[in-house]
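Heads up: the structure comes next, in structure tokens.
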Amino acid sequence: MCGRFTLRTPTETIAAMFDGLRIPQLTPRYNICPTQPVLCVRQSRTGENEAVNLRWGLVPFWAKELKIGASLINARSETAETKPSFRAAFKSRRCLVLADGFYEWKLEGKQKQPYYVSRRDDQPFCLAGLWESWTDKSVPSSNSIETCTILTTDANSLMLPLHDRMPVILPKLHLDLWLDKDFSEIEPLKKLLVPWVTDDLRVYPVDKSVNKPVNDSPSCIEPMSGNASLF
DNA sequence: CCAGACGTTGTT
DNA sequence: GTCTGG
DNA sequence: CCAGACGTTGTT
DNA sequence: GTCTGG
């Protein structure tokens with residue numbers, strides 16, 4: 001779940017969400033895939049928020065190969081704080097992954113139909129994430145690579161027809177606590193990782209062109225032709 | 001002690 | 001790096 | 001998440 | 001079927 005998402009909001013709008021935080025220039029993205037750079041906000045060493053692009057798919061610092069990250073694009077919020085791959089990041093390397101919609105595939109007969117989930121007002125939102133830094137020790141003097149993963153939780157009633165899990169969307173009220181690298185009390189943090197229950201999301205089927213990672217255009221989020229929203 | 005795993009998803 | 005299994 | 005590859009040799 | 005790449 002949550003293996004593809006979008007970020008098509010103008011750079012200035014994202015910056016405004018974080019009180020004018022400096023954001024790397026964005027180009028609209030309609031089909032963000034694992035292993036690609038994704039826009040994240042985290043707390044810097046000095047305690048200020050910073051926006052950075054991180055490779056999607058967390059690679060634990062002890063991993064031997066980068067490709068391990070391809071299977072760690074999501075982390076279960078119920079267990080992340082104890083899993084060897086995630087627990088260190090959960091304590092002190094939490095981040096937000098910026099998105100304004102995500103895709104889910106539903107098995108319909110033999111076909112997998114993609115659906116797009118976004119806010120009715122098309123505003124962006126923050127997904128709860130973890131980040132990690134990894135260095136390839138098999139290649140002397142190689143640079144470190146920073147990677148991230150998106151936390152998941154139970155699906156809400158809107159998503160349940162598609163899937164039993166959904167990404168954790170954090171409300172503005174909780175962003176600061178989630179980002180605080182010096183706060184490491186597990187239970188208060190876990191209480192933030194719950195399904196988004198407000199009714200401001202919409203879901204509709206889209207064309208299968210989103211299936212191919214190479215397709216990255218507004219057509220990915222166009223409602224499927226001849227079929228009004230089912231939700 | 002050393003060796004080997006360490007994750008999620010969906011599907012069966 | 002750290003835990004589990006042998 | 002889905003799509004696409006999945007192998008070796010020798011030669012250019 | 002399973003792994004890699006995007």
Side-chain angles (χ1 to χ4, degrees), chain A residues 1-7 27-39 53-94 97 99-118 127-138 144-145 147-155 159-169 184 186 193 195 203-217 219-221 224:
Chain A
M1 62 100 352
C2 201
R4 302 285 180 91
F5 64 96
T6 63
L7 187 60
T27 56
R29 300 290 310 284
Y30 297 89
N31 198 359
I32 298 172
C33 301
T35 73
Q36 294 177 350
V38 298
L39 181 68
N53 282 307
L54 305 179
R55 179 187 164 105
W56 187 16
L58 187 143
V59 182
F61 64 95
W62 42 260
K64 292 193 175 65
E65 296 180 282
L66 180 65
K67 64 186 178 193
I68 286 170
S71 53
L72 303 181
I73 62 172
N74 295 130
R76 295 179 62 87
S77 57
E78 298 88 340
T79 57
E81 92 276 7
T82 61
K83 296 290 184 180
S85 295
F86 302 128
R87 59 191 173 197
F90 192 97
K91 280 201 173 137
S92 57
R93 285 183 294 280
R94 297 178 300 274
V97 180
D100 43 32
F102 54 90
Y103 299 95
E104 296 287 357
W105 281 258
K106 178 183 170 62
L107 194 61
E108 297 179 348
K110 289 179 181 172
Q111 302 253 306
K112 272 192 168 178
Q113 175 62 48
Y115 287 78
Y116 184 58
V117 184
S118 54
L127 302 179
L130 306 174
W131 68 274
E132 193 55 88
S133 181
W134 177 80
T135 305
D136 189 348
K137 295 186 184 68
S138 72
S144 63
I145 296 173
T147 64
C148 66
T149 192
I150 296 171
L151 289 155
T152 67
T153 186
D154 288 328
M159 303 278 317
L160 213 47
L162 303 182
H163 234 333
D164 61 345
R165 305 287 293 172
M166 70 182 293
V168 175
I169 301 172
S184 57
I186 301 296
L193 306 178
V203 181
Y204 58 81
V206 292
D207 192 80
K208 288 193 178 67
S209 65
V210 71
N211 288 6
K212 291 178 191 277
V214 71
N215 294 333
D216 183 359
S217 79
S219 65
C220 290
I221 64 169
M224 197 168 61

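Predicted model, so just to flag it, every value in this text is computed and none were measured. Protein chains get the first letters and strands the later ones, always in sequence-line order, with residue 1 at the start of each. Side-chain atoms are counted along with the backbone in the values below, which use heavy atoms only and exclude waters and symmetry mates.
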Short side-chain N/O contact to D:dG4 OP1/OP2 from A:Lys212, under 4.0 Å:
yes
Check whether any side-chain N or O of A:Thr149 sits under 4.0 Å from OP1 or OP2 of B:dT8, and answer yes or no.
no
In whole Å, I'd like the distance from the [atom1] atom of [X] to the [atom2] atom of [N].
X        : N     : atom1 : atom2 : answer
A:Arg165 : B:dG7 : CZ    : P     : 15 Å
A:Ile68  : B:dT8 : CD1   : C1'   : 14 Å
A:Phe61  : B:dG7 : CZ    : P     : 13 Å
A:Glu78  : B:dT9 : CD    : C1'   : 14 Å

Looking at every strand, decide which applies to A:Ala75 at a 4.0 Å heavy-atom threshold: base, sugar-phosphate, or nothing.
sugar-phosphate
Would you indicate what A:Asp216 reaches in the nucleic acid, counting non-hydrogen atoms under 4.0 angstrom: base, sugar-phosphate, or nothing?
nothing
Taking atom [atom1] in both [N] and [M], what distance in whole Å separates the two?
N     : M      : atom1 : answer
B:dT8 : D:dC2  : C1'   : 15 Å
E:dG1 : B:dT12 : P     : 9 Å
D:dC1 : B:dT11 : P     : 8 Å
E:dC3 : B:dG7  : C1'   : 15 Å

Nucleotide-resolved protein contact map, nucleotides 1-6 of chain E, B/S/- at heavy-atom distance under 4.0 Å:
---S-B
At what distance, to the nearest 0.5 angstrom, does [atom1] of [X] lie from [atom2] of [Y]?
X        : Y        : atom1 : atom2 : result
A:Thr149 : A:Leu151 : OG1   : CG    : 6.5 Å
A:Tyr115 : A:Met224 : OH    : CE    : 7.0 Å
A:Phe61  : A:Thr135 : CZ    : OG1   : 11.0 Å
A:Thr27  : A:Leu7   : OG1   : CG    : 9.0 Å

Neighbours of DNA chain B within residues 79-91 of chain A, by heavy-atom distance under 4.0 Å
A:Thr79, A:Lys83, A:Pro84, A:Ser85, A:Phe86
A:Glu65 with A:Lys67: basic N within carboxylate O range, under 4.0 Å
yes
Pairing of DNA chain D as dot-bracket, 5' to 3': ( ) intra-strand, [ ] crossing, | other strand, . unpaired, with Watson-Crick or G-U pairs under 3.5 Å?
||||||......
A:Lys208, NZ: over 12 other non-hydrogen atoms inside 6.0 angstrom
yes
Is the ring of A:Trp105 stacked on the base of D:dC1, with centres less than 5.5 Å apart and planes under 30° off?
no
Side-chain donor/acceptor of A:Trp56 to backbone N/O of A:Ile73, under 3.5 Å
yes
